[in-house]
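What follows is one structure encoded as structure tokens, with my remarks underneath.
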There are 2 protein chains.
Amino acid sequence: MSDDRRTTPLEPEPIEPQMCSVDLRLQILRGLPFFAGLPDDAITAINPLFRETGYEPGEPIYYAGDPAERLFVVAAGKVKLIRHTLSGQERVLDLLLPGDFFGSLPVLGEPVYPDTAQAHTLCCVLAISAEGFETILDRYPPVTRALLAIVAERLRAAQAMLHQTGTAPVESRVAALLLKLAERLGDERAEGWLIQTPLSRQDIADMLGITVETASRTLSQFRKDGLIRSGRRWIAIADRERLAALAEQAG
Amino acid sequence: MSDDRRTTPLEPEPIEPQMCSVDLRLQILRGLPFFAGLPDDAITAINPLFRETGYEPGEPIYYAGDPAERLFVVAAGKVKLIRHTLSGQERVLDLLLPGDFFGSLPVLGEPVYPDTAQAHTLCCVLAISAEGFETILDRYPPVTRALLAIVAERLRAAQAMLHQTGTAPVESRVAALLLKLAERLGDERAEGWLIQTPLSRQDIADMLGITVETASRTLSQFRKDGLIRSGRRWIAIADRERLAALAEQAG
DNA sequence: CGCTGCCTTGATCTTCTTCAAAACGTGTGG
DNA sequence: CCACACGTTTTGAAGAAGATCAAGGCAGCG
């Protein structure tokens, strides 16, 4: 049993600031869920339509209200989608990993981005114009189908979140969030099931629509109960089962 | 200025229990957002794939957890999508009008329905098997595109709701909900901008994840302030501007 | 070492829920 | 047509969950 407080156990993002290589680009495009079934030559043909850009942690990629002209794909690093209230408070709607897309689901004729995209870690992002993407959709029908499946999946996730938000107490919601994050980002380590991304109390709070203080109190309690280990901007799950039990409480 | 309390001003649903006629079916299919661009003969070809069924208010159409085998379209009346907590509490995720679809977004290979569908008013529903629908998607690519746009729109709506839920006080959320409902169901009347569907305090509460009592108190206050008129299971908006102002409060 | 962010903890206050009871409207059956 | 019964709505009082306000502590970095 190692102690809780210590130097962060997180691994740094394996990205060189000089951006993703051409090989990496192809590899990423090939791996995209919605390009899954496409032949290699199609990928090669599509590749030049994308432009890549690097962002520092915290750097905005676009702002809510900007004209929605491009679709983005996370190549490396993590991106978060956020929405602000008038009073400056912010809510994190999604945390995106390599392979996830965001931005204009332009296909839909949405005129402006509904939320702000911000680099959460150092990251590399591929961008394609709305027209370019529409061309791909027209040319390769299976891509549209795959895209539909992904968007529908996100809708389900949002509705599940909505349901939970309205009915479950904070304790359950924090537990559920940690498990969800660990499933996407988890890494088995000495510390436990480590969530492989910098994660402040503020981040947690913003994802659940609660305050930093409440998030901190809840996590402290979890730690005292041996459910998690945590430190400055990192969290690891120590007892998956008990956490899952907490998450399922109705309230 | 008419008084608030009185016999319901709502119009009854114009549906005969003997279900929608064949003509009406074609008309509805033609009018569906995702069949919009399709030629008439395509509609006629598609038509036999649908089966129609009528439901009484409150009657379930399917339950969460049932195998997701069919896609449904509201032909007439209103349907609500709900999700239950273990403790029996329920949350209304969406209220669907004629032309809206629901059920298996089967395309997505979701194995079971994630929520329960229930007739909110007397209604008529068209159903198609998952395979039948996939056939249509394969045959008419524009349908997939249209569907994608609709699902993405719903995703945006869910995220907006999520954001609001986490940040705005109940008063604002009720105001916003009333405006949203009026935009979809509103009808100009002596009473004001009448929401054309039976709407109990419980319904309002379930849509927002609050209690009946809170919903009732908030609406009573609105009525005292002259923002709305209301009675047993109906609500009309009297002062759109002030309500909109309330809805936008950050908290 | 002394900043500058994070994180933690306590005390108080507000908002919403819970529990309880009464009033009202609607439709029903006499 | 009246009276009763049921479901909906309203209102009050007490309680709980989180928010807010206010310090203080700890880690990493210049």
Side-chain angles (χ1 to χ4, degrees), chain A residues 3-10 12 57-58 85 87-91 120 164-175 197-225 228-235 246 249-251, chain B residues 3-10 12 57-58 85 87-91 120 164-174 197-206 208-225 228-235 246 249-251:
Chain A
D3 193 28
D4 284 338
R5 311 290 180 65
R6 73 147 67 125
T7 306
T8 181
L10 296 178
T85 59
S87 51
Q89 197 181 146
E90 77 180 45
R91 175 92 196 239
H120 181 238
Q164 203 194 214
T165 298
T167 57
V170 164
E171 192 180 49
S172 302
R173 286 157 57 199
V174 174
T197 201
L199 208 57
S200 70
R201 304 298 181 259
Q202 186 70 61
D203 289 328
I204 300 280
D206 290 345
M207 292 192 216
L208 294 173
I210 60 180
T211 60
V212 203
E213 292 92 332
T214 300
S216 177
R217 279 186 246 270
T218 307
L219 291 174
S220 295
Q221 190 58 50
F222 283 1
R223 197 169 44 195
K224 275 175 203 145
D225 295 346
I228 62 170
R229 283 184 227 289
S230 70
R232 187 192 173 85
R233 278 161 70 78
W234 66 270
I235 300 174
L246 256 188
Q249 280 191 356
Chain B
D3 193 28
D4 283 338
R5 312 290 181 67
R6 71 149 67 126
T7 305
T8 182
L10 296 178
T85 59
S87 50
Q89 199 181 143
E90 77 180 45
R91 176 92 196 240
H120 181 239
Q164 204 195 211
T165 298
T167 57
V170 164
E171 193 180 48
S172 302
R173 285 158 56 198
V174 174
T197 200
L199 209 56
S200 69
R201 304 298 182 261
Q202 185 70 61
D203 288 329
I204 300 279
D206 290 345
L208 295 173
I210 61 179
T211 61
V212 202
E213 291 93 332
T214 301
S216 176
R217 279 185 244 270
T218 307
L219 291 173
S220 295
Q221 190 57 51
F222 284 180
R223 196 170 44 196
K224 275 177 204 144
D225 296 345
I228 64 171
R229 284 185 227 289
S230 70
R232 186 191 174 87
R233 278 160 70 77
W234 66 268
I235 300 174
L246 256 188
Q249 280 191 356

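Labels below follow one simple rule: chain letters A, B, ... track the order of the sequence lines, proteins then strands, and each chain is numbered from 1.
- Note: A:Ile228 CD1 to A:Gln221 CD = 10.5 Å, rounded to the nearest 0.5 Å.
- Atom P of nucleotide C:dG5 and atom CG of A:Asp203 are separated by 16 Å, given to the nearest angstrom.
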Using distance only, find each side-chain donor-acceptor pair of residues 209-217 of chain B under 3.5 Å and give its atom names and separation, not counting sequence neighbours.
from: B:Thr211; atom 1: OG1; to: B:Thr214; atom 2: N; distance (Å): 3.3
from: B:Thr211; atom 1: OG1; to: B:Thr214; atom 2: OG1; distance (Å): 3.0

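- Rounded to an integer number of Å, the gap from B:Gln221 CD to C:dT15 C1' is 15 Å.
- With sequence neighbours excluded, no residue forms a salt bridge (Lys or Arg N to Asp or Glu O under 4.0 Å) with B:Asp206.
- The side chain of B:Arg223 places no N or O atom within less than 4.0 Å of a non-bridging phosphate oxygen (OP1 or OP2) of D:dT9.
- Applying the 4.0 Å criterion to OP1 and OP2 of C:dC6, one finds that A:Arg201 has every side-chain N and O outside that range.
- Of the residues in residues 210-220 of chain A, those with a non-hydrogen atom less than 4.0 angstrom from any atom of DNA chain C are A:Glu213, A:Ser216, A:Arg217, A:Ser220.
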Could you list all N or O pairs between the protein and nucleotides 2-7 of chain D that sit under 3.5 Å apart?
from: D:dG7; atom 1: N2; to: B:Arg232; atom 2: NH1; distance (Å): 2.9

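- Shown here are the side chain to side chain donor-acceptor pair (under 3.5 Å) partners of B:Arg201, two or more places apart in sequence or in another chain: B:Ser230.
- Taking CG of A:Leu208 as the reference point, atom CZ of A:Arg91 lies at 7.0 Å (rounded to 0.5 Å).
- Per the geometry, CZ belonging to A:Arg233 stands 11 Å off P belonging to D:dC29, to the nearest Å.
- Every stem involving DNA chain D, taken as at least 3 paired positions in a row under the Watson-Crick or G-U wobble test at 3.5 Å, is listed here: C:1-5 with D:26-30, C:8-30 with D:1-23.
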